[in-house]
Amino acid sequence: MAQAWAFFLLALFSFSPCVSRIFLCSSNGEGSFLCARAPEVPSIVSDRYRTAYHFQPPKNWMNDPNGPMYYNGIYHLFFQHNPNGPQWGDIVWGHSVSTDLVNWIILEPAIEPDTPGDIKGCWSGSATILFGGQLVIMYTGGDVENHQVQNIALPKNRSDLYLREWTKAGNNPVLQPVGPGMNPGEFRDPTTGWIGPDGLWRIAIGAEVNGYSAALLYKSEDFMNWSRVGHPLYSSSASTMWECLDFFAVLPGSNGGLDLSAAIPKGAKHVLKFSVDQCDKYMIGVYDLECDAFVPDIVLDDRRLLPRIDYGNYYASKSFFDSKNRRRIIWGWTNESDSSSDDVAKGWAGIYGIPRTIWLDRDGKQLLQWPVEEIESLRRNEINYQGLELEKGDLYEIKGVDTLQADVEIDFELTSIDDAESFDPSWLLDPQKHCREAGASVHGGIGPFGLVILASSDMEEHTVVHFRVYKSQKEYMVLMCSDIRRSSLRQGLYTPAYGGFFEFDLEKERKISLRTLIDRSAVESFGGGGRVSIIARVYPVAIVDEGRAHMYAFNNGSTTVWVPQLRAWSMMTAQVNVKKG
């Protein structure tokens with residue numbers, strides 16, 4: 001039985017002047033309080049904010065993941081990187097290799113700007129493994145006229161397991177922004193290649209054409225000489241530009257990946273993913289072989305309703321087919337949420353989310369994601385709680401693990417679904433807004449319940465990952481929030497309440513799962529078996545001041561929540577780009 005600390009829970013989540021005498025608070029007119037703390041906080045320049053097992057270079061700037069692949073027994077990950085500082089600029093293709101997706105060796109940059117077709121920067125692109133094992137990278141370059149053009153690079157020595165050196169094709173740039181209505185400054189990020197209905201290679205490139213978004217389609221026999229297909233793979237007038245395209249096949253109900261260079265099985269769906277509105281969105285549909293075009297299952301008039309890969313700080317994601325384990329893995333970029341001047345002081349900026357296996361649910365309507373199983377090799381010192389009962393106002397402290405580096409899996413079982421509040425479909429337009437308005441301090445019928453993590457001893461700092469359950473006309477809707485508004489006492493941070501909804505059949509499944517990976521300044525959560533994922537960046541002062549933090553399971557809803565099992569592990573520090581190869 002959890003300790004009934006209702007009074008403590010209220011103080012924990014309320015923006016109240018009673019929380020601490022050193023806070024000066026005033027109402028913002030929306031039912032919350034804005035507070036400022038007088039004492040100075042320690043410098044953000046601390047190694048304790050560097051992640052222990054998320055991917056990041058030793059120093060300086062990193063953004064989009066590029067060309068991930070598995071080749072001759074080695075995982076390769078390229079990344080947009082500024083070797084000269086922790087801000088965007090002077091972009092090259094950084095390069096790291098791994099045998100297990102956990103520990104990485106840093107290499108010299110693979111591609112640098114030194115030709116007319118990329119002199120202004122070597123920007124995002126993809127790797128494709130052709131028949132016979134030939135490997136090709138196509139990437140966007142900024143040319144001397146500041147136009148975006150596409151270039152080819154080939155490994156200099158394929159017998160080198162690490163593929164350290166790359167040679168640029170003599171006919172670069174192989175594609176230029178030529179054609180009616182083309183914007184030469186909006187033509188970038190070629191996808192991994194796939195085989196089209198005529199046996200020729202295809203790629204798609206994000207572009208702005210006549211003021212609308214287009215995934216332009218190109219074909220080639222040898223991957224070196226390309227021609228544009230007379231129609232796009234897909235286009236939309238709902239926005240002006242899609243970047244960081246990804247196009248891949250999935251089989252409903254199967255967590256195995258599909259190789260785009262092989263025959264796609266009957267019944268498979270295709271996913272078109274694009275980056276827009278500071279997030280990654282996707283559509284599920286079919287690749288019409290006769291029309292050589294992507295046809296979405298559902299066309300939404302309002303792009304705010306499109307599903308997201310991740311509902312937090314996650315952008316420019318890129319997937320690849322892992323031929324070793326027959327799965328599809330996706331990487332995404334998570335930026336810092338501090339200031340640019342903070343990044344300069346720290347000397348680094350940008351991490352990647354944990355590599356995730358991604359697949360299509362049984363109904364063929366939603367992508368599911370889960371951390372790759374290799375990350376579990378870092379688990380140590382398991383703790384296991386069973387049979388916890390969380391009544392309204394309960395707060396149960398989880399002890400025995402390193403709360404700054406942890407992997408937590410918890411199941412919440414509802415004792416009743418009678419108190420579920422009604423769902424308003426308009427909430428789907430802005431789940432983040434609803435997470436702000438229905439925060440953990442707001443009592444509900446079913447929920448909020450979840451985890452409080454990275455909490456300081458005085459509770460002035462904390463991050464909350466929680467669920468609420470609503471009843472719609474046909475099914476139940478679950479809101480998952482990752483609320484970082486009180487994650488740090490530092491000023492000048494971006495600290496929103498992230499959130500996303502997912503459908504759940506509570507009459508068949510009474511358990512809602514939550515897995516949260518805590519890695520110092522990174523909090524990465526997966527709800528409902530991977531139906532919603534949210535990654536956030538946080539910078540608690542307690543990490544520096546106290547060197548530790550607290551973690552709790554809680555319930556602030558009227559309905560009692562049962563926790564049949566809670567498992568947590570301390571996470572070891574991985575060897576991420578410590579060694580040079």
Side-chain angles (χ1 to χ4, degrees), residues 1-14 16 18-20 48 379-413 415 439-443 447-467 480-489 511-525 527 536 538 540-557 559-571:
M1 176 69 181
Q3 300 182 39
W5 292 348
F7 70 94
F8 189 42
L9 190 63
L10 182 60
L12 169 62
F13 294 126
S14 297
S16 167
C18 299
V19 172
S20 172
R48 291 185 177 179
R379 289 173 166 177
R380 293 294 184 273
N381 305 323
E382 178 184 354
I383 62 169
N384 193 320
Y385 295 87
Q386 295 182 352
L388 300 179
E389 187 179 59
L390 299 175
E391 297 179 348
K392 180 180 178 180
D394 280 357
L395 189 71
Y396 187 92
E397 183 160 13
I398 302 165
K399 299 180 179 180
V401 295
D402 182 351
T403 53
L404 303 184
Q405 290 177 212
D407 187 355
V408 185
E409 293 189 6
I410 182 170
D411 290 332
F412 297 97
E413 185 173 335
T415 58
S441 65
V442 180
H443 302 302
F449 56 85
L451 290 175
V452 181
I453 58 176
L454 295 174
S456 60
S457 296
D458 58 11
M459 294 296 175
E460 291 175 354
E461 293 182 315
H462 58 267
T463 292
V464 191
V465 184
H466 64 86
F467 297 111
M480 175 177 166
C481 300
S482 184
D483 190 342
I484 65 172
R485 288 178 294 172
R486 295 195 64 184
S487 59
S488 178
L489 294 175
K511 296 179 183 178
I512 301 175
S513 69
L514 174 63
R515 182 178 181 183
T516 295
L517 294 160
I518 305 164
D519 190 5
R520 303 184 184 182
S521 65
V523 176
E524 192 165 2
S525 299
V538 294
V541 172
I543 289 182
V544 179
D545 271 358
E546 303 175 20
R548 60 190 176 90
H550 299 268
M551 177 164 54
Y552 306 88
F554 82 96
N555 177 29
N556 199 24
T559 300
T560 297
V561 176
W562 180 257
V563 178
Q565 182 165 263
L566 184 159
R567 303 171 70 196
W569 299 261
S570 298
M571 295 292 278

Check your understanding: Do the non-hydrogen side-chain atoms of Glu524 and Asp519 ever get within less than 4.5 Å of each other?
Key -> no
**Study point:** Least distance between heavy atoms, Ala406 atom then Met571 atom
**Key:** C-CG, 3.6 Å
Review point. From Leu451 CG over to Thr516 OG1, what is the distance, rounded to the nearest 0.5 angstrom?
Key: 5.0 Å
Exercise for review: Not counting sequence neighbours, which residues clear side-chain contact (heavy atoms from CB on, under 4.5 Å) with Asp402? List them please.
Suggested key: Leu404, Gln405, Ser570
Review point. Are side-chain heavy atoms of His550 and Thr403 found at a separation under 4.5 Å?
Key: no
Exercise for review: With sequence neighbours left out, write down each residue that passes side-chain hydrogen bond (donor to acceptor under 3.5 Å, both in side chains) with Ser488, or none if nothing qualifies.
Suggested key: none
**Study point:** Contacts of type side-chain hydrogen bond (donor to acceptor under 3.5 Å, both in side chains), residue Thr463, not counting sequence neighbours
**Key:** none
**Study point:** Any residue meeting side-chain contact (heavy atoms from CB on, under 4.5 Å) with Ser513, in chain and number order, not counting sequence neighbours
**Key:** Asp411
Revision key, fill the gap. Heavy atoms of Leu454 and Pro540 approach each other most closely as CB-CG, 4.2 Å
Review point. Got a second to check how far Arg548's CZ is from Arg48's CZ, nearest 0.5 Å?
Key: 11.5 Å
Review point. Which residues pass the side-chain hydrogen bond (donor to acceptor under 3.5 Å, both in side chains) test with Thr560, sequence neighbours left out?
Key: none
Point to revise | Spacing of CH2 belonging to Trp562 relative to CG belonging to Leu390, to within rounding of 0.5 Å | key: 9.5 Å
Study note, to complete from the structure: Tightest non-hydrogen contact, residues Met459 and Arg486, listed as O-NH2, 4.3 Å
Study note, to complete from the structure: Taken in chain and number order and not counting sequence neighbours, the residues that satisfy side-chain hydrogen bond (donor to acceptor under 3.5 Å, both in side chains) with Glu413 are none
Check your understanding: What residues form a ring-ring contact (aromatic ring centres under 6.0 Å, His included) with Phe412, not counting sequence neighbours?
Key -> Phe449
Check your understanding: Taking only residues two or more places apart in sequence, or in another chain, which ones meet Ala568 in a side-chain contact (heavy atoms from CB on, under 4.5 Å)?
Key -> Ile383, Val401, Val408, Leu566
Review point. NZ of Lys392 to CZ of Phe554: how many Å apart, nearest 0.5 Å?
Key: 13.5 Å
Point to revise | Gap separating the CG atom of Asp394 from the CG atom of Leu388, nearest 0.5 angstrom | key: 10.0 Å
Study note, to complete from the structure: Rounded to the nearest 0.5 Å, the CD1 atom of Ile410 sits from the CD atom of Gln565 at a distance of 10.0 Å
Exercise for review: Return the set of residues passing salt bridge (Lys or Arg N to Asp or Glu O under 4.0 Å) with Arg515 (not counting sequence neighbours), or none when no residue passes.
Suggested key: Asp407, Glu409
**Study point:** Flag side-chain contact, heavy atom, 4.5 Å: Leu514 against Ser525
**Key:** yes
Check your understanding: Are Glu397 and Met551 close enough that some pair of their side-chain heavy atoms sits under 4.5 Å apart?
Key -> no
Check your understanding: Side chains of Asn556 and His466: does their closest heavy-atom pair fall under 4.5 Å?
Key -> no
Point to revise | Glu461 backbone acceptor or donor facing Ser456 side chain under 3.5 Å | key: yes
Revision key, fill the gap. side-chain contact (heavy atoms from CB on, under 4.5 Å) filter on Ala536, not counting sequence neighbours, yields Ser482, Ile484, Tyr498
Practice item. Compare all side-chain heavy atoms of Tyr385 with those of Val563 and state whether any distance is below 4.5 angstrom. Key: no
